[in-house]
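Sharing a structure with you now.
Chain letters run A, B, ... following the sequence lines, proteins first and then strands; every chain starts at 1.
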There are 2 protein chains.
Amino acid sequence: MPPPETPLTPDRVLEATEDVLRRFGPAKATVVDVARALGVSHGSVYRHFRTKAALREAVTERWLDQAHDELAAIARAKGPAAERLREWLATLFAAKRRKAGGDPELFATYLSLADENSGTVARHVETMVGDLTKIVESGLASGEFTTRNPRKTAQALWSATAHFHDPVYAEEWSDPGAELAFADLFDLLLNGLRA
Amino acid sequence: MPPPETPLTPDRVLEATEDVLRRFGPAKATVVDVARALGVSHGSVYRHFRTKAALREAVTERWLDQAHDELAAIARAKGPAAERLREWLATLFAAKRRKAGGDPELFATYLSLADENSGTVARHVETMVGDLTKIVESGLASGEFTTRNPRKTAQALWSATAHFHDPVYAEEWSDPGAELAFADLFDLLLNGLRA
DNA sequence: GCGATGACAGATTTCAATATCTGTCATCGC
DNA sequence: GCGATGACAGATATTGAAATCTGTCATCGC
């Protein structure tokens, strides 16, 4: 138990938690493990996070927000809405595929965290649909798209593309035909959006 | 152990298995339970199904095929393809919603059976996409729809409507807005299909 | 004074002994 | 002869006692 090199911050606790989750998996990772990794008593961890559940929720949120800067930028950008819609969806799909394929065990770990934190996931989905709504609205403004209700259309788009972003379909993402299936679906949807 | 009223047939075994699954759930139902329900020794059950897994697979297949006569009739019928597509999807959605909402515990039981039998489920999905392909082809023939590849389009439709037939989304089916969300999505897709 | 500590109670998990189940097959009785 | 039986071996599940974990808090040392 060496004295702490740096003061204990929520961020350092989160980092240690991620390490412990990586090493032991979601079922075995304990608060005591996190404290041990930090060289402090587990009481100190509880100073920064009220419960183990809160700690795991914070880690989940961090993971879900990972790719969001890039996506938000596409949603905010100028240019043809159709192009940006395709790019936004393709970027999302690519990010998911990278996470799922790169380290399947870690992906499974975060999946089980997401299962525990449906509220956090719902908020994340809200953000995603918000991005899509922005794109649909800009397409409506430019005359590219026709729709009565951009938000509902965005929700329909989110729903319709679930196969390419919902982790329950992760197994199918490594299928060689996945890119083509995505293109087919996107064409159908884009055609539906057009005036 | 009364003597069997009727000769032991695969069908009687299946029926008894369904009963046992209903009563004990997928985790607790055993072959010995099924035999007991039939008033025979468990050895006799193994005369009709090679393994417990085969028995459970047969029950799963039966459950998946339940609503299919009605759907196949819609796919084969005459009339506007758009109408039939809407009816086919609406009928599927209604059937799923009925099963999930009517007896959630039994639904959960069959879900866990489906999880064990991915091959059987894949074959069932093939059948469903086959129905959709028929409808898309008839729409193409009548000039209602435009598409390069009816089968791929049918797959895209299956994908896109997952929120309303994939059991992973069953929780959302009881949401009061579900019908509206379905209508929004269907309109978008139908618009995409049109010439 | 203030963050860190570790003993503690109650909840949860682990582990090993025990019981039950699956699948086979030699044997039975009709 | 032929379907049904139940004893059996190995695999799987259950159970309850022991170990560990979560969350609290009185106390410590800087």
Side-chain angles (χ1 to χ4, degrees), chain A residues 1-61 108-109 112-113 115-117 119-120, chain B residues 1-60 105 108-109 112-113 115-117 119-120:
Chain A
M1 282 150 220
E5 315 287 338
T6 7
L8 193 57
T9 61
D11 256 18
R12 283 191 61 227
V13 176
L14 283 182
E15 229 127 84
T17 306
E18 282 173 8
D19 273 4
V20 168
L21 281 165
R22 233 184 294 274
R23 265 191 284 150
F24 301 157
K28 293 285 176 63
T30 73
V31 176
V32 172
D33 291 330
V34 173
R36 191 163 24 232
L38 288 163
V40 301
S41 78
H42 74 282
S44 297
V45 173
Y46 281 97
R47 177 161 301 283
H48 297 282
F49 293 90
R50 280 198 342 287
T51 63
K52 183 190 188 184
L55 178 55
R56 287 165 78 110
E57 192 184 329
V59 170
T60 306
E61 208 170 336
T109 291
S112 98
L113 287 183
D115 265 356
E116 287 168 10
N117 293 285
T120 303
Chain B
M1 286 153 212
E5 314 287 339
T6 9
L8 192 59
T9 61
D11 256 18
R12 283 190 62 224
V13 176
L14 282 182
E15 230 125 84
T17 305
E18 281 173 9
D19 273 3
V20 168
L21 281 165
R22 232 184 295 275
R23 265 190 284 151
F24 301 155
K28 293 286 178 63
T30 72
V31 175
V32 172
D33 292 329
V34 173
R36 191 162 26 231
L38 288 162
V40 300
S41 78
H42 74 282
S44 297
V45 172
Y46 279 96
R47 178 161 301 283
H48 297 282
F49 293 91
R50 276 195 349 282
T51 64
K52 183 190 188 183
L55 178 56
R56 287 164 79 108
E57 190 184 331
V59 169
T60 306
E105 208 174 319
T109 291
S112 97
L113 287 183
D115 265 356
E116 289 168 8
N117 293 284
T120 303

Between B:Val32 and B:Arg36, does a side-chain contact (heavy atoms from CB on, under 4.5 Å) hold up when you go through it step by step?
CA-CA 6 Å; B:Val32 172; B:Arg36 191 162 26 231; 4.0 Å; yes
A:Val31, A:Val59, A:Leu55 screened by side-chain contact (heavy atoms from CB on, under 4.5 Å) with A:Phe49, the one that passes
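Among A:Val31, A:Val59, A:Leu55, the one that satisfies the side-chain contact (heavy atoms from CB on, under 4.5 Å) with A:Phe49 is A:Leu55.
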Which whole-number value in Å describes the distance from B:Arg47 CZ to C:dT22 P?
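Result: 18 Å.
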Give the rounded distance in Å between these two atoms: CZ of B:Phe49 and C1' of C:dT24.
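Distance, rounded to whole Å: 19 Å.
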Does A:Thr120 form a side-chain hydrogen bond (donor to acceptor under 3.5 Å, both in side chains) with A:Glu57? I'd like the steps, not just the answer.
CA-CA 7 Å; A:Thr120 303; A:Glu57 192 184 329; 3.2 Å; yes
Looking only at heavy atoms, what is the nearest atom pair of B:Thr109 and B:Gly25, with distance?
OG1-CA, 4.1 Å
Can you give me the closest heavy-atom contact between A:Leu21 and A:Pro26, atom names plus distance?
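Taking every non-hydrogen atom into account, CD2-CA, 3.8 Å.
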Along DNA chain D (nearest heavy atom to each residue), the more 5'-positioned of B:Ser41 and A:Tyr46:
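Final value for this comparison: B:Ser41.
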Ignoring hydrogens and geometry beyond distance, is the side chain of B:His42 in donor-acceptor contact with the base of C:dG23 at under 3.5 Å?
yes
Sort out the partner of C:dA17 for me: Watson-Crick or G-U wobble, both distances under 3.5 Å, none otherwise.
D:dT14
Nucleic acid contacts of residues 24-35 of chain A, taken as heavy-atom distances under 4.0 Å to DNA chain D
A:Thr30, A:Val31, A:Val32
Between D:dC21 (P) and A:Arg56 (CZ): distance, integer Å:
14 Å
Tell me the partner of C:dG29, counting only Watson-Crick (N1-N3 plus N6-O4 or O6-N4) or G-U wobble (N1-O2 and O6-N3) with both under 3.5 Å; none if nothing fits.
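D:dC2 is the nucleotide pairing with C:dG29.
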Start at the 5' end of DNA chain C and walk down; is the nucleotide closest to B:Arg50 or to A:His48 reached first?
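The residue whose closest nucleotide sits nearer the 5' end is A:His48.
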Taking atom CD of A:Glu18 and atom CZ of A:Arg22, what is their separation to the nearest 0.5 Å?
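Answer for the CD-CZ pair, A:Glu18 versus A:Arg22, is 6.0 Å.
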In whole angstroms, how far is the P atom of C:dG6 from the CZ atom of A:Arg36?
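About 13 Å, once rounded to whole Å.
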How long is the line joining NZ of B:Lys52 and P of D:dT12, in whole Å?
11 Å
Both distances under 3.5 Å, Watson-Crick or G-U wobble: report the partner of C:dA11, or none.
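When the pairing criteria are applied, D:dT20 turns out to be the nucleotide that pairs with C:dA11.
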Atom of B:Tyr46, atom of B:Arg50 and distance for their closest heavy-atom approach:
CD2-O, 3.5 Å
Within this structure, what is the CG-to-P distance between B:Leu38 and D:dT5, rounded to whole angstrom?
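Value for this atom pair: 11 Å.
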